[in-house]
Student: 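Dropping a structure here in structure tokens format, bear with me for questions.
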Amino acid sequence: MTAEVLDGKATRDELFEVFRERVSALRARGVAPGLGTVLVGDDPGSRSYVKGKHADCAKVGIESIRRDLPADISQAALEAVIDELNADPACTGYIVQLPLPKHLDENAILERIDPAKDADGLHPTNLGRLVLGAPGPLPCTPHGILHLLRRYDVPIAGAHVVVVGRGVTVGRPIGLLLTRRSENATVTLCHTGTRDLAAEVRRADIVIAAAGVPGLITADMVKPGAAVLDVGVSRTDEGLRGDVAAGVAEVAGHLSPNPGGVGPLTRAFLLGNVIEAAERDLARADGA
Ligand SMILES: Nc1nc2c(c(=O)[nH]1)N[C@@H](CN(C=O)c1ccc(C(=O)N[C@@H](CCC(=O)O)C(=O)O)cc1)CN2
């Protein structure tokens, strides 16, 4: 058996078609959505993700605002940039590229973002909304995972999902998303303290590998026919490596590769959040 590929690039292209129309409709009403990015330092990975986000903006007609800052910026100076973007009407949504250099307090920075402009869905207010099941921007990678599973008709309701990795951008929020009533999955969250990772993964109908450990998930750990989404990424001497080892494609029923799987959708749903926020503002102004 060779797994059906969950194609993130093709799915992203479909979403962009719809996004272009929604942005045109906003512009026709005099609203120009604008995505801001805050990049601290010169990590090549982060730099390339931010560049990609702005390239996507150009493709769908969203304005770009960039703040590229030195690695040794102080907490106070970074907070001043956040305050400036919160006040800038041209910036309808923005993100702070993660991770930040170690000397900065990441949680304090995320908390300072105006929740109404939080394009990543990572502000505590918006994560709280996710816990409550209230409307709000969804974190982009979890949203991408959900969309990809739905797009390829992978059954979610009643499925046992094993998530490997407890980071704030993927592992923690994906559990919240997939256990909503509308999704109805059962989620086990594994991490470095999990006693028998192989045994946990073997029970999964859906495996979401987001640990950032190259080749962590091997074929012998996967239940035949399971859907496996490779989300973790590591830069190694041999280039970018995902968390899923090569032989898994022979056992899994569906495989979201890395690159080419969830990554393009992370970027797409960032734009989706910017568009949604602009549409929400317009509806409010219309008195809806
Ligand atoms: N503020 C945020 N920081 C980070 C997030 C995030 O969602 N918000 N996620 C990751 C990085 N990330 C977006 O920022 C991201 C990672 C990967 C991709 C992607 O499209 N990857 C491609 C391969 C890219 C390559 O070849 O270099 C793929 O998977 O096909 C997009 C976005 C951590 N930080």
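Counting starts at 1 for both ligands and their atoms, following the listed order.
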Student: For atom 4 (C) of ligand 1, find the nearest protein heavy atom and state the residue, atom name and distance (0.1 Å precision).
Tutor: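 Of every protein heavy atom, Gln97 NE2, 3.6 Å lies nearest to atom 4 (C) of ligand 1.
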Student: Under 4.0 Å from atom 10 (C) of ligand 1, can you find at least one protein heavy atom?
Tutor: no
Student: Would atom 27 (O) of ligand 1 count as contacted, meaning some protein heavy atom under 4.0 Å?
Tutor: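 Under the 4.0 Å cut-off, atom 27 (O) of ligand 1 does have protein heavy-atom neighbours.
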Student: Determine yes or no for a side-chain-to-main-chain donor-acceptor pair under 3.5 angstrom, with Ser74 supplying the side chain and Ala77 the backbone.
Tutor: yes
Student: Salt bridge or not between Lys53 and Asp56? Use side-chain N to carboxylate O under 4.0 Å.
Tutor: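 Salt bridge flag = no for Asp56 with Lys53.
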Student: Please check this pair: side chain of Asn273 against backbone of Asp118, looking for a donor-acceptor N/O pair closer than 3.5 Å.
Tutor: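 Checked: no pair found.
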Student: Short list, please: which atoms of ligand 1 are under 4.0 Å from a heavy atom of Gly260?
Tutor: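 Listed by number with element, the hits are 28 (C), 29 (O), 30 (O).
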Student: Using residues 209-227 as the side-chain source, report each donor-acceptor pair under 3.5 Å to any protein atom, sequence neighbours left out, with the distance given to one decimal.
Tutor:
residue, atom, partner, partner atom, Å
Thr218, OG1, Asp220, OD1, 2.6
Lys223, NZ, Asp205, OD1, 2.8

Student: What residue and atom, counting heavy atoms only, is the protein's closest point to atom 22 (C) of ligand 1, and at what distance?
Tutor: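 Residue, atom and distance for the closest contact: Pro259 CB, 4.2 Å.
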Student: Check for a donor-acceptor pair, side chain of Arg112 on one end and backbone N or O of Asp83 on the other, with a separation under 3.5 Å.
Tutor: no
Student: Identify which one of Val154, Thr11, Asp7 satisfies the side chain to side chain contact (heavy atoms under 4.5 Å, CB included) criterion when paired with Leu148.
Tutor: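 Only one option passes, and that is Thr11.
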Student: Return the option from Asp120, Thr141, Val170 holding the heavy atom at the smallest distance from atom 2 (C) of ligand 1.
Tutor: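 Nearest heavy atom to atom 2 (C) of ligand 1 lies in Asp120.
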Student: Can you list the atoms of ligand 1 that are under 4.0 Å from a heavy atom of Lys53?
Tutor: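 Result: 13 (C), 14 (O).
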Student: Would you tell me which option among Pro139, Ser48, Gly8, Gly263 has the nearest heavy-atom contact to atom 29 (O) of ligand 1?
Tutor: Gly263
Student: Please identify which atoms of ligand 1 are closer than 4.0 Å to at least one heavy atom of Leu98.
Tutor: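 Every atom of ligand 1 under 4.0 Å from some heavy atom of Leu98: 1 (N), 2 (C), 3 (N), 4 (C), 33 (C), 34 (N).
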Student: Can you name the atoms of ligand 1, numbered from 1 with element, that are less than 4.0 Å from a heavy atom of Leu240?
Tutor: 25 (C), 26 (O), 27 (O)
Student: With a 3.5 Å cut-off and sequence neighbours excluded, list the donor-acceptor pairs that the side chains of residues 164-177 form with protein atoms.
Tutor:
residue, atom, partner, partner atom, Å
Arg166, NH1, His191, ND1, 3.2
Arg166, NH2, Thr192, OG1, 3.1
Arg172, NE, Arg166, O, 3.0

Student: Which ligand 1 atoms, with their elements, are less than 4.0 angstrom from a heavy-atom of Asn258?
Tutor: 29 (O)
Student: Could you check, using the six-membered ring where one of them is a Trp, whether His147 and Phe269 have ring centers closer than 6.0 angstrom?
Tutor: yes
